[in-house]
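Encoded as structure tokens, the structure appears first; notes follow it.
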Amino acid sequence: TQTFHVLREVDEAGAAAAYARLVAPGGKLIMLCGAVGDPERTEPGPPALTKEEATGAICAAGFRLDACSKVRFDSTPTYGAVPPLAWLVEATRE
């Protein structure tokens with residue numbers, strides 16, 4: 001999913017719970033959301049989250065965190081020359 005950083009502004013726990021309802025036990029959630037701390041970008045991008053903000057609600061909703069690494073969003077005309085940083089979250093539904 002690439003919607004958590006937006007949906008969490010409305011209802012973080014509700015968004016995480018919806019993901020838990022959609023992913024079967026033992027299934028994988030792959031999530032991409034904006035990450036803080038991007039010194040290479042000056043243009044605005046998606047809402048930027050800390051690692052704890054990107055993973056906390058997901059884990060509280062019944063996912064086991066498998067990995068969380070910083071990557072960059074794909075390059076698009078909207079993002080300009082340097083795409084924003086993102087958290088690539090991989091989690092298993094317990």
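Using a 4.5 Å heavy-atom cutoff, the side chains of Val36 and Lys51 are not in contact. In this structure the side chain of Val89 never reaches within 4.5 angstrom of the side chain of Leu29, judged on heavy atoms. Counting heavy atoms from C-beta on, the side chains of Pro46 and Pro84 come closer than 4.5 Å. Contact annotation: the side chain of Glu53 approaches that of Arg8 to within less than 4.5 Å [non-hydrogen atoms, C-beta and beyond]. The shortest distance between side-chain heavy atoms of Tyr19 and Arg93 does not fall below 4.5 Å. Counting only heavy atoms from C-beta outward, the side chains of Asp66 and Lys28 approach each other to under 4.5 Å.
Looking at Arg72, its side chain never comes within 3.5 Å of a backbone N or O of Val82 through a donor-acceptor pair. Between the side chain of Trp87 and the main chain of Cys68, no donor-acceptor pair closer than 3.5 Å is present.
Leu7 approaches Ala15 most closely through the heavy-atom pair CB-CB, 3.8 Å. Looking at every heavy atom in both residues, Phe73 comes nearest to Ala86 through CE1-CB, 3.5 Å. Shown here for Glu9 and Pro47, the closest heavy-atom pair between the two residues is OE2-CG, 3.4 Å. Minimum heavy-atom separation, Ala57 to Phe4: CB-CZ, 4.0 Å. Nearest heavy-atom pair across Ala61 and Ala20 is O-CB, 3.5 Å.
Salt-bridge formation is not detected for the pair Glu90/Arg64: no Lys NZ or Arg NE/NH1/NH2 atom is positioned less than 4.0 Å from an Asp or Glu carboxylate oxygen.
In this structure, Cys33 SG and Ile58 CD1 are separated by 8.0 Å, a value rounded to the nearest 0.5 Å. With rounding to the nearest 0.5 angstrom, the CG atom of Asp38 is 6.0 Å from the CD atom of Glu40.
A chain of hydrophobic side-chain contacts below 4.5 Å, direct or via other Ile, Leu, Val, Met, Phe, Trp or Tyr residues, connects Val23 to Met31.
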query = Given Thr55 and Phe63, is the side chain to side chain contact (heavy atoms under 4.5 Å, CB included) satisfied, shown in steps?
reply = CA-CA 9 Å; Thr55 61; Phe63 287 90; over 6 Å; no
